[in-house]
Amino acid sequence: MSRLVIDQVTVHYPGAARGVAALQDVSLVIDPEQLVVALGPSGCGKTTLLNLIAGFLQPTSGRILLDDRLVSGPSAERGVVFQDDALLPWLNVLDNVAFGLQLRGLPGAEREATARRTLQLVDLQEFEQHPIWQLSGGMRQRVGLARGLAADPRVLLLDEPFAALDAFTREQMQELLLRLWRKTRKQIFLITHDLEEAVFLATDLILLSPRPGRVAERMKLDFGHRHANGESARSIKSDPRFIETREHVLSLVFAQREVSTT
Amino acid sequence: MTPTEMSIGDNSRSTAFASEQAPARPAGNFLLSVNTISTLTIIFLLVVWWATTTAGLIAPLFLPSPQAVLGKFWLVTTKGFMDSTLWQHLAASLGRVVCALIAAVVLAIPTGIAIGLSRIAQGVLDPLIELYRPVPPLAYLPLIVIWFGIGELSKVLLIFLAIYAPIAIATAGGVRQVSQNRLRAAQSLGATRVQLLRYVVLPSAVPDILTGIRIGLGTGWSTLVAAELVAATSGLGFMVQSAAQFLVTDVVILGIAVIAIIAFALELSLRALSRRLAPWREQGIS
Ligand SMILES: Nc1ncnc2c1ncn2[C@@H]1O[C@H](COP(=O)(O)OP(=O)(O)OP(=O)(O)O)[C@@H](O)[C@H]1O
Ligand SMILES: [Mg+2]
């Protein structure tokens, strides 16, 4: 099992306002079977952090290690699910899911079998031959998830994957993500600006604050575990402890905002 | 949208709004569609043509009647004009355009990819293409004749040059516009640089390449007449030119009509091909 270490990472974008770092001295460990959620207002560096882990971006200083090996670029061991699904419209659903395996050079039959199995996980087996533009936004996100999972990465990174979905679909997707997390035992790093989503999903919640982007709070939560163990989302979200935690996180966000505006 | 979501959403909306919105429905229900109007326009033109010529309002030397042109059509397809039948002229023209098109596609797509991907290739090739592209082919035709003589090569080369630039430019544009997230998605699935090009960049650019081919074929086809001015002995352009010299106006009109119909058919089939190969563009996905 792998361990992802983000060690005192700072990012300055070239051309950005001098002195203000997009991320400053951010340290973070993602252990096996954790579901780490980064929460923060717009512009606090969430996407920057995810791009670093994915290898799309190099830190100005600091290091990122996966199993003690330096992350130096994108690779199939770190799968990414994008907010805009980023699927390939010239491929049908099945071929999109099998794409990572195709890149790896797996023979057709084998990769299709794996892709079918993964599609079943996200409950889209009936749509395997559909072109992706015939799917709804929520279904496309599920295809994106399946594509990420089918390549069997060690870490799955998700950048606001459900932000564009309606509230109902978003809840279904959150529950799906927890089921997948439980079933595949992958470590997951997810970013969101949806407070309830963050509290519901996270085993480890990280609160980022902007200008410069840094970790303002960390907390351990267990609502995701509870759901994965069979408790219904409704009952968790109406649990006074859930509401209390959510309000607590909300007050932290507000407190931060006051600090940063004064 | 899923079929179920769509039906739920749309049904409720259409029932809620049905009473007020009925008149705002697409007007095509009781008015004519654009296609019908276009067809009617063409029929109207033909009728005017027929009426004015049959009534003797215009001398046949200036505008022969449609019947005369149809008669010539029969004559030229069976007996031929200037030693070749209409089909032979057509085949000669199409042959040149197809040769030029194949050469242009084979060379322009790699050029476009290079321009789109590499700063050096862009710096070297962009000015070359942009310099010659706006020049009318007739202007550099004499130079081509001086260099390459009056054989087939010059004609094909002229058409080739007209097709090459639009395809190269369109390909470069398509390559540059490839979505960063799609590239990143492929990279995070382990794609190498070659795989990115093969599986993401090229398919993304297909619609643009097809647009380039469509524009290129349009200009190529219109360059054809110019190309066939050069000591050709067959071809639609040649047929029209020599008919004009002998004032055989019905053959001139016949040739122009065939040239127009072929151009129209090329345009339509390329559009259909592009809809088939890149149907997602119709759905607003780039
Ligand atoms: N390519 C870039 N060049 C310069 N500055 C950038 C670049 N990308 C992001 N930034 C800056 O870095 C900061 C963090 O951006 P980032 O995209 O990581 O925020 P985010 O938390 O993902 O925001 P959102 O919730 O809106 O997606 C912002 O202030 C932004 O202006
Ligand atoms: Mg972001």
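Quick note on labels: first sequence line is chain A, next is B, and so on, each numbered from 1.
Counting only heavy atoms from C-beta outward, the side chains of Q102(A) and Y199(B) approach each other to under 4.5 Å. Between F99(A) and V200(B), the closest side-chain pair of non-hydrogen atoms falls below 4.5 Å.
For chain A, the nearby parts of S204(B) are the backbone and the side chain; heavy atoms of each come within less than 4.5 Å. Neither the backbone nor the side chain of D85(A) comes within contact range of chain B; no heavy atoms are under 4.5 Å apart. Both the backbone and the side chain of A186(B) come within contact range of chain A, each with at least one heavy atom under 4.5 Å from a heavy atom of that chain. For chain A, no part of V206(B) is nearby; none of its heavy atoms comes within less than 4.5 Å.
Here the closest heavy-atom approach between residue A185(B) and residue R147(A) is recorded as CB-NH2, 3.3 Å. Residues L87(A) and R182(B) share a closest heavy-atom pair of O-NE, 3.1 Å. Summarising the geometry of S188(B) relative to P74(A), their closest heavy-atom pair is N-CB, 4.3 Å, with the distance given to 0.1 Å. Minimum interatomic distance between A191(B) and L103(A) (heavy atoms only, all atoms of both residues): CB-CD1, 3.7 Å.
Atoms CG and CZ, from N181(B) and F56(A) in turn, are 8.0 Å apart once rounded to the nearest 0.5 Å. In this structure, the separation between CZ on R184(B) and CG on L57(A) is 7.5 Å, given to the nearest 0.5 Å.
Counting non-hydrogen atoms of neighbouring residues, nucleotides and ligands closer than 6.0 angstrom, the CD1 atom of I120(B) reaches no more than 12 such neighbours.
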